[in-house]
Amino acid sequence: MDPVDALTETAFLLERELAPGFKVKAFRRAAAVAGELPAEELAARASDGRLARTKGIGDRSLEIVLQALEGRVPDYLAALRARTGEKLGPGAKALREQLRGDLHAHSDWSDGTTDIPSMAAAARALGHEYLALTDHSPSLKIAHGLTPERLEAELEVVAAVNAEGDEGFRLLAGIEVDILADGALDQESALLDRLDVVVASVHSKLRDEKGPMTARMLAAIRSGRADVLGHCTGRLVQGSRGTRPQSEFDADAVFAACADAGVAVEINSRPERQDPPDELIALALEAGCLFSIDSDAHAPGHLGFIDLGAERAAAAGIPPERIVTTWPLEQLLAWTAR
């Protein structure tokens with residue numbers, strides 16, 4: 001096994017199981033160090049002991065490199081694969097195989113951990129045909145939301161990634177735009193019109209009363225610029241940030257508006273969110289909504305969370321054709337351009 005691939009996959013799988021960031025960074029750093037060395041030199045340094053003294057190569061990383069150079073899957077990686085391997089039932093597995101992409105992911109331009117090209121490369125490695133880069137909007141300062149100027153600059157990076165990539169994958173220009181208290185979308189309208197995908201989410205005043213929260217969400221849905229309603233309840237059910245109850249809103253009215261406007265309801269696949277709850281997925285399905293199964297990834301390994309979303313969607317009985325992330329790119333872009 002290629003040692004750099006082994007280190008990279010180790011970091012990916014650790015991210016997927018939400019391991020501490022310092023541990024993930026150690027393996028990514030080791031992969032970067034090893035990747036800078038020609039294969040012959042890496043093998044020579046591993047053989048004569050110099051690799052053990054190389055900055056950025058820790059004991060566990062060294063073990064992975066040595067075992068990979070022996071032509072086998074390193075023990076540590078094998079254990080990770082066994083721990084995080086696919087556990088989907090037949091229905092969920094069939095749906096997962098139909099998913100072509102992901103419309104909600106972040107980079108280190110906002111609150112993600114990893115650069116844009118690395119996120120794109122990880123999506124390609126998973127077999128995605130497209131990934132929407134949806135960093136946060138200006139008002140979410142805690143997440144380093146993008147000002148109009150920074151979003152303009154990010155669009156240039158997205159274009160460069162696509163220019164250098166292969167024809168079987170496209171990085172979509174997008175944003176996770178905050179739904180402000182008055183229902184306005186937190187970015188310049190002209191910029192939103194230039195994007196491939198707009199995910200609109202509530203991040204502030206999550207404990208608003210039902211009436212104001214409903215009005216706020218309806219205004220965003222009916223704006224004509226939102227494509228996906230992100231993590232609609234804002235709940236947290238587990239994880240390092242603790243738990244948070246779901247926001248109160250008129251779900252019948254919100255989902256009816258989504259169905260009327262052609263806005264997809266996101267099935268947010270992050271383990272700590274699992275948003276919407278099952279009963280709201282059922283309401284949205286009955287209302288005739290489209291859905292988008294998204295990872296809300298903040299690191300490459302998080303892209304694998306869509307397995308969890310596929311499992312929930314399959315359990316809810318959502319037809320694949322109602323899930324926009326099963327659509328081919330041409331159909332998807334025709335929908336977002338509506």
Side-chain angles (χ1 to χ4, degrees), residues 13 15-18 81-105 123 126-132 199 201-202 217 227-239 241 243-252 254-259 262-298 301-328 331-332 335:
L13 294 179
E15 284 171 337
R16 181 168 175 167
E17 66 175 16
L18 298 173
R81 285 179 174 179
R83 202 160 68 227
T84 60
E86 183 182 280
K87 300 179 178 67
L88 299 178
K93 184 177 180 181
L95 177 57
R96 173 64 185 90
E97 290 172 351
Q98 294 180 70
L99 294 179
R100 296 173 180 262
D102 188 336
L103 301 186
H104 188 169
L126 276 181
H128 286 354
E129 296 174 18
Y130 49 82
L131 173 72
V199 177
S201 307
V202 173
M217 295 171 76
D227 299 309
V228 178
L229 178 63
H231 49 68
C232 64
T233 79
R235 74 175 186 170
L236 294 174
V237 296
Q238 64 181 53
R241 289 186 289 172
T243 60
R244 181 169 63 211
Q246 62 194 60
S247 296
E248 296 294 327
F249 58 90
D250 184 337
D252 289 325
V254 165
F255 294 147
C258 284
V263 172
V265 174
E266 178 180 70
I267 297 179
N268 189 290
S269 304
R270 291 194 67 88
E272 68 269 33
R273 285 193 181 276
Q274 300 178 45
D275 196 0
D278 292 342
E279 63 272 16
L280 291 190
I281 292 178
L283 278 178
L285 182 61
E286 185 178 356
C289 292
L290 296 171
F291 295 86
S292 182
I293 298 176
D294 298 325
S295 66
D296 194 357
H298 286 64
H302 297 170
L303 292 167
F305 290 159
I306 63 167
D307 288 5
L308 306 178
E311 189 170 42
R312 297 191 68 220
I318 302 175
E321 62 270 17
R322 295 258 299 268
I323 300 169
V324 300
T325 41
T326 68
W327 295 355
Q331 181 182 358
L332 181 87
W335 165 67

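We count residues from 1, following the sequence as given.
- Contacts of S269 classified as side chain to side chain donor-acceptor pair (under 3.5 Å), with partners at least two apart in sequence or in another chain: none.
- Annotation for G262 and L290: closest pair O-CD1, 4.1 Å, computed over non-hydrogen atoms.
- For the pair L303 and A123, the tightest heavy-atom approach, listed with the atom from each and the gap, is CD1-N, 3.7 Å.
- Rounding to the nearest 0.5 Å places CZ of F291 at 4.0 Å from CD1 of I318.
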Let's go through H298 and R270 carefully: what are the C-alpha distance in whole Å and the side-chain angles of both, what is the deciding distance for side chain to side chain contact (heavy atoms under 4.5 Å, CB included) to 0.1 Å, and is it a yes or a no? CA-CA 10 Å; H298 286 64; R270 291 194 67 88; 3.6 Å; yes
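- To the nearest 0.5 angstrom, D307 atom CG is 5.0 Å from L88 atom CG.
- Contact check for C232 versus V254: no side-chain heavy atoms found under the 4.5 Å cut-off.
- In this structure a side-chain-to-backbone donor-acceptor pair under 3.5 Å is present from T326 to P320.
- Side-chain N or O atoms of S247 include one that pairs as donor or acceptor with a backbone N or O of T233 at under 3.5 Å.
- Between atom CD of residue E17 and atom CD of residue E15 there is a gap of 11.0 Å, rounded to the nearest 0.5 Å.
- Using a 4.5 Å cut-off on side-chain heavy atoms (C-beta onward), L103 and D227 make no contact.
- Atom-to-atom distance recorded for R322:CZ and S292:OG is 14.0 Å, nearest 0.5 angstrom.
- With a 4.5 Å cut-off on side-chain heavy atoms, I323 and Q98 do not count as touching.
- Without hydrogens or angle criteria, D275 side chain to G234 main chain gives a donor-acceptor distance under 3.5 Å.
- A donor-acceptor pair is defined here as one N or O able to donate and one able to accept, closer than 3.5 Å; such a pair exists between the side chain of D102 and the backbone of S295.
- When every heavy atom of A259 is checked against every heavy atom of C289, the shortest pair comes out as N-SG, 4.0 Å.
- Taking 4.5 Å as the limit, some side-chain heavy atom of H231 sits within range of a side-chain heavy atom of H104.
- Taking every heavy atom of both residues into account, A313 and I267 meet most closely at CB-CD1, 3.9 Å.
- Atom CD of Q238 is surrounded by more than 12 heavy atoms from other residues, nucleotides or ligands within 6.0 Å.
- Judged purely by atom type and a 3.5 angstrom limit, R273 has no side-chain atom pairing as donor or acceptor with the backbone of N268.
- Closest non-hydrogen pair, L285 versus G317, comes out as CD2-O, 4.1 Å.
- A donor-acceptor pair under 3.5 Å links the side-chain atoms of D250 to the main chain of D252, judged by distance alone.
- Checking side-chain atoms of R235 against main-chain N and O of Q274 turns up a donor-acceptor pair under 3.5 Å.
- In terms of heavy atoms, T325 sits closest to I293 at OG1-N, 3.3 Å.
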Hey, mind stepping through E129 and L332 against side chain to side chain contact (heavy atoms under 4.5 Å, CB included) and telling me if it holds? CA-CA 11 Å; E129 296 174 18; L332 181 87; over 6 Å; no
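- Taking the six-membered ring where tryptophan is involved, the planes of H302 and F305 are essentially parallel, since the angle between them stays under 30° and well short of 60°.
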